[in-house]
> 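Here it is: the structure, laid out below.
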Amino acid sequence: MIENLVIVESPAKAKTIEKFLGEDFRVISSFGHIRDLAKKNLGIDIKNDFSPEYEIPKEKIKVAGDLRKAAAESKNIWIASDEDREGEAIAWHLINVLNLDLSTTRRIVFHEITKDAISNAVLNPRQVDMNLVNSQQARRVLDRLVGYEISPVLWKKVQPALSAGRVQSVAVRLIVEREREIITFKSESSFRINGMFKIDTSDSENNIIRAEASKRFPGEKDALRFLELCSTAEFRITGISIKPGTKSPAPPFTTSTLQQEAYRKLGFSVAQTMAVAQKLYEAGKITYMRTDSTNLSKLALAKSREVILSEFGEKYSRTRQFKTKSKGAQEAHEAIRPTYPDTLTITGNQNERKLYELIWKRTIASQMADAEVERTTISIGMNNSPVLFQAIGEVIKFDGFLKVYAESTDIENNEDEKYIIPAVKKDMLLHYDSISATQKYTSPPPRYTEASLVKKLEELGIGRPSTYAPTISTIQNRGYVLKEDRPGEKRPITVISLSKGKVSTTSRIESTGKEKSKLFPQDIGMIVNDFLIENFSEIVDYNFTAEVEEQFDKIAEGRLKWTGMLDKFYSSFHKMVENTLEKKDRKTGIRILGNHPETGEQVSVKMGRYGPVAQIGESGNGTKPRFASLGKNQLLETINLQEALNLFRLPRSVGMHEGDEMIVGVGKFGPYIKYKNKFYSLKKGIDDPYSVTLERAIEIVKEKSESDKKKVLKDFGDIRVLNGRFGPYIVKEKENFRIPKGTETDKLTKEDCIRIIEQSKKTRKSSK
DNA sequence: CAGTGAGCGAGCTTCCGCTTGACTT
């Protein structure tokens, strides 16, 4: 018989706590929720007051069994799931699933994993809070109703296997709307004036002031006229302002800010960040990584202070507690921090070390003094124009937390250079060294990255720390959005320079629109989004979650009945579902682009069975329309008649080579040449399938055949040794086999290969 | 590996939030 059994949500937490509690305590974990709505059906008896049908999912049957067994062997049971809506529901489900006796079962909570906090919790047990449980049930049932009633509407009216939900559909909406802002954005240019001014000083190292005119000039002529004015102007310092300022450290990490900074500083995807953090957590290196709180425990504050005192000294220390600002935060955990702040570096793989270092720096910096800066602004006036030049310099007087950590921003090309301005006096005369007017284009709003999308969702109070990464996976898995890089385009810009009294104009090339790991909406995402906005506007409204959260809070406070809340929501929601099923046609995103210039047939684009297609002609009256798939990066929404007609030029013959025809087309894997029934890919970014010539096609085929020859190291007929991406390997009947390390590949015989194949077949079987 | 766009219909798809392995490559 075990005296005391404590049940927590996470096994890593169970392990830690067991160490704190004496021998009378056994600590085990429920691995999160152990029961959920029935997976197959709706799982809700709507007519019977939304009575939920709960079941233990297949993968939780073993856990539930283990828990039951442990409970039966224990005298007292302490349920220590997290202190939030979900945690309270877990406690309630545990009591039901394990058939616990309420007289010997106690609900306890603690916010930090320290001996004090846990002992304190054990001294203050309470009952399960049914109001809080009911607010979770309302949340769960509402999400099921939304997801399981709207998704089938999409299957009928748009395409099978699609999905909609309170969180994912808003995430897609954000991305689609941002793309449309980019599509309609009209870039404008103006001329930015930068001047380099010399001062007379004995210091030849630091005698240049870099300044920008406070005004931009709309056109080239205006800029030219201004530079001509500059060539004869007298420049004089008209103002000097020196202002002290301070900078404060950012709060310690939550899930969302960790994901953002790991992306910006380390280039991690959201899922990668969570996987690495999970490893660190399981190894006991950091606290829990799914949290919305910026709170640090007293112990962490004290330890961080000790570290700062010994590493940097007293004046760098400033203990702070941050208020969590995000909407709907439940604060069941601490901020993400090092378990032991005095551990500066850890062992582990490179990513683990990098992420740990980031967390350590952010935590320590949050407990450090403000940085003190001095911002100097110098104004330079002209005697023949009211335009002022301004130089802004910044000097760090005391680095404070910046010694350890500076937060990154999403703005990519921050051109505001801050530097030390030489000492100057008011009314001092200056002469220009050079002045230039550079054409600058305005940029469209940026596309979302995974991390910036998480940031936006958090601001809107949509989704939870445990779901940010899965939500981003879902919208990519459904094909609504695609994460990819785009090369960008070149464009000419005009630069006018004034030097030694002469004005000259040159043209330069700048690249624009280059994208790295950005989220691009796909046609199906845009169609589904528009369909949802037309028919379920309330659900995809950015405020929907915030509004229902308010009601969940009321339920938690006992001021609203959860089934009543659901009834009110469902009666209007279900009407939307029925109305859409009854009255709305299929949505294909069809656009009629015009008529074929020769035949006059209608040309249109739409979402077809296998993806977006262009179509010439209409079906019916005996004619069969022709179809062609849209190319990559073409959208139904933006493709024009000419581009659509172009799609029908492929596949095309480029000519004959040694008696066989060469055909160029675009397939599943991009543009290709088909020759003698074999396929050769066109070079990305070099060859264009519409314009590639016979000569070039022959060249590509030759190149590929030659590199294929190099690929074959040994040829024993049915067994071959090939050189692949990861080095040499053996191929037999389309099966690949690894060559053991240390083998000299050039000495391999057919017998060696047979032995390797048999050996690896054995190990494959034994591992199964 | 390099397509498809006839039509019918059975059977399937799907949510959000808690938590980790168990899978395959």
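For clarity, every value in this text was computed on a predicted model and none was experimentally measured. Here is the naming used below: chain letters follow the sequence lines, and residue numbers restart at 1 for every chain.
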> Find the distance A/Ile472:CD1 to B/dG17:C1' and express it as a whole number of Å.
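Spelled out: CD1 on A/Ile472 to C1' on B/dG17 is 16 Å.
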> Just to be sure I understand the rule, does A/Pro152 reach a base, reach only the sugar-phosphate, or reach nothing, if contact means heavy atoms closer than 4.0 Å?
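Here A/Pro152 touches the bases of the nucleic acid.
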> Check this one for me: any side-chain N or O of A/Lys624 less than 4.0 Å away from OP1 or OP2 of B/dG5?
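Checking A/Lys624 against B/dG5: no side-chain N or O falls below 4.0 Å of OP1 or OP2.
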> State whether A/Ser151 places a side-chain N or O below 4.0 Å from either non-bridging phosphate oxygen (OP1 or OP2) of B/dC15.
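A/Ser151 to B/dC15 OP1/OP2: no side-chain N or O under 4.0 Å.
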> CZ of A/Phe50 versus C1' of B/dC15: gap in Å, rounded?
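In whole Å, B/dC15 C1' lies 16 Å from A/Phe50 CZ.
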> Taking OP1 and OP2 of B/dC16, is either one under 4.0 Å from a side-chain nitrogen or oxygen of A/Gln168?
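Indeed, a polar side-chain atom of A/Gln168 lies that close.
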> Using a cut-off of 4.0 Å on non-hydrogen atoms, how would the nucleic acid contact of A/Gly463 be classed: base, sugar-phosphate, or nothing?
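A/Gly463: backbone/sugar contact only, no base atoms under 4.0 Å.
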> NA contact type, A/Arg85, heavy-atom cut-off 4.0 Å: base, sugar-phosphate, or nothing?
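A/Arg85: no heavy atom of the nucleic acid under 4.0 Å.
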> For A/Ile34, report the nucleic acid contact type (base, sugar-phosphate, nothing); a contact means any heavy atom under 4.0 Å.
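The answer is nothing, as A/Ile34 stays clear of every strand by at least 4.0 Å.
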> Does the side-chain ring of A/Trp155 sit on the six-membered ring of the B/dT13 base, less than 5.5 Å centre to centre and under 30° in tilt?
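A stacking contact exists, since A/Trp155 sits close and nearly parallel to the base ring of B/dT13.
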> Would you mind reading off the distance between A/Lys62 atom NZ and B/dC23 atom P, rounded to a whole angstrom?
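Rounded to whole Å, this separation is 12 Å.
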> Whole Å only: how far is the CD atom of A/Gln159 from the C1' atom of B/dT13?
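It is 12 Å, rounded to the nearest whole Å.
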> Counting the atoms with a prime plus P, OP1 and OP2 as sugar-phosphate, which does A/Ser629 contact under 4.0 Å by heavy atoms, base, sugar-phosphate, or nothing?
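Base: the residue A/Ser629, judged by heavy atoms under 4.0 Å, touches a nucleobase.
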> May I ask you to decide if the ring planes of A/His333 and A/Tyr288 are parallel, tilted or perpendicular, using 30° and 60° as cut-offs?
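Geometry flag for A/Tyr288 against A/His333: tilted rings.
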> Regarding A/Ser10, tell me which of base, sugar-phosphate or nothing describes its non-hydrogen contacts under 4.0 Å with the strands shown.
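Counting heavy atoms under 4.0 Å across all strands, the contact made by A/Ser10 is with sugar-phosphate only.
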> Indicate, with a heavy-atom threshold strictly under 4.0 Å, whether A/Arg626 touches base, sugar-phosphate, or nothing.
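Since no nucleic acid heavy atom lies under 4.0 Å of A/Arg626, the category is nothing.
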> What's A/Tyr288 touching, base or sugar-phosphate or nothing? Going by heavy atoms closer than 4.0 Å.
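Sugar-phosphate, no base atom in range.
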> Atom CD of A/Glu86 and atom P of B/dC18: how far apart are they, to the nearest Å?
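To the nearest whole Å, that distance equals 5 Å.
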> Nearest of B/dG17, B/dG5, B/dC18 to any side-chain atom of A/Val613?
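In terms of side-chain proximity for A/Val613, the closest of B/dG17, B/dG5, B/dC18 is B/dG5.
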> If you only use heavy atoms from C-beta on, which nucleotide in B/dT20, B/dC18, B/dT14 is closest to the side chain of A/Ser466?
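Ranking B/dT20, B/dC18, B/dT14 by closest atom to the A/Ser466 side chain puts B/dC18 first.
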> Phosphate oxygens OP1/OP2 of B/dG3: is one of them under 4.0 Å from a side-chain N or O of A/Arg609?
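It does not, given that no N or O in the side chain of A/Arg609 lies less than 4.0 Å from OP1 or OP2 of B/dG3.
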> Which word best sums up how the rings of A/Phe569 and A/Phe544 line up, parallel for under 30°, tilted for 30 to 60°, or perpendicular for over 60°?
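The rings of A/Phe569 and A/Phe544 sit tilted, inter-plane angle from 30° to 60°.
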> How is A/Lys279 classified with respect to the nucleic acid when contacts are heavy atoms under 4.0 Å: base, sugar-phosphate, or nothing?
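Counting heavy atoms under 4.0 Å across all strands, no contact is made by A/Lys279.
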> With heavy atoms under 4.0 Å as the rule, sort A/Ala164 into base, sugar-phosphate or nothing.
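Since only primed, P, OP1 and OP2 atoms lie under 4.0 Å of A/Ala164, the category is sugar-phosphate.
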> For A/Gly32, which contact category applies under a 4.0 Å heavy-atom criterion: base, sugar-phosphate, or nothing?
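Since a base atom lies under 4.0 Å of A/Gly32, the category is base.
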> For DNA chain B, whose closest nucleotide is more 5', that of A/Pro11 or that of A/Thr474?
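Going by which nucleotide is closer to the 5' end, it is A/Thr474.
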> Considering just the side-chain nitrogens and oxygens of A/Arg35, establish if one lies under 4.0 Å of OP1 or OP2 belonging to B/dC18.
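The answer is no; no side-chain N or O of A/Arg35 sits under 4.0 Å from OP1 or OP2.
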> Should A/Tyr148 be counted as stacked on B/dT14, where stacking needs a ring-centre gap under 5.5 Å and an angle between planes under 30 degrees?
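Stacked: ring centres under 5.5 Å, planes under 30°.
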> Answer yes or no for A/Arg144 and A/Tyr148: cation-pi contact, defined as NZ/CZ to six-membered ring centre under 6.0 Å and angle to ring axis within 45°.
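Yes; both conditions hold, so A/Arg144 lies above the ring face of A/Tyr148.
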> Measure the distance from NE2 on A/His33 to P on B/dT20 and round it to the nearest whole Å.
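Computing the A/His33:NE2 to B/dT20:P distance gives 13 Å.
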> Hey, which of these two, A/Gly670 or A/Pro465, hits DNA chain B nearer its 5' end, going by closest nucleotide?
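It is A/Gly670 whose nearest nucleotide is closer to the 5' end.
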> Please check: side-chain N/O of A/Glu83 versus main-chain N/O of A/Val109, any donor-acceptor pairing under 3.5 Å?
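No: the side chain of A/Glu83 does not pair with the backbone of A/Val109.
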> Could you tell me how far apart A/Asp687 (CG) and B/dA2 (P) are, to the nearest whole angstrom?
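Interatomic distance, CG of A/Asp687 to P of B/dA2: 21 Å.
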> On the 0 to 90° scale, with breaks at 30° and 60°, tag the A/Phe531-A/Phe536 ring pair as parallel, tilted or perpendicular.
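Answer is tilted, since the angle falls between 30° and 60°.
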> For the side chain of A/Arg464 and the base of B/dC16, is some donor closer than 3.5 Å to an acceptor across the two?
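When only heavy-atom distances are counted, A/Arg464 does not reach the base of B/dC16 through any donor-acceptor pair under 3.5 Å.
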> Is A/Asp36 salt-bridged to A/Arg140, cutoff N-O under 4.0 Å?
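Salt bridge: yes.
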> Is the phosphate of B/dT14, meaning OP1 or OP2, less than 4.0 Å from a side-chain N or O of A/Tyr480?
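Checking A/Tyr480 against B/dT14: no side-chain N or O falls below 4.0 Å of OP1 or OP2.
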> State whether A/Glu703 and A/Lys683 are salt-bridged, where the test is any N-O pair (Lys NZ or Arg NE/NH1/NH2 against Asp/Glu carboxylate O) under 4.0 Å.
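A salt bridge links A/Glu703 with A/Lys683.
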> Base, sugar-phosphate, or nothing: which does A/Ser681 touch, judged by heavy atoms less than 4.0 Å apart?
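The residue A/Ser681 makes base contact.
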> Rounding to an integer number of Å, can you tell me how far A/Lys39 NZ sits from B/dT13 C1'?
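Atom NZ in A/Lys39 sits about 10 Å away from atom C1' in B/dT13.
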> What's A/Gly665 touching, base or sugar-phosphate or nothing? Going by heavy atoms closer than 4.0 Å.
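Here A/Gly665 touches no strand at all.
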> For A/Val146, which contact category applies under a 4.0 Å heavy-atom criterion: base, sugar-phosphate, or nothing?
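Touches nothing.
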> Between A/Ser163 and B/dC15, does any side-chain N or O lie under 4.0 Å from OP1 or OP2?
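Yes, A/Ser163 has a side-chain N/O under 4.0 Å of OP1/OP2 on B/dC15.
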> Compare side-chain N and O positions of A/Gln615 against OP1 and OP2 of B/dG5 and report whether any pair is under 4.0 Å apart.
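No, outside the criterion.
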> Under the 3.5 Å rule, do the base of B/dC16 and the side chain of A/Arg139 count as making a donor-acceptor pair?
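Pair found.
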> Are the charged groups of A/Glu86 and A/Arg139 less than 4.0 angstrom apart, N to O?
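Yes, charged N to carboxylate O under 4.0 Å.
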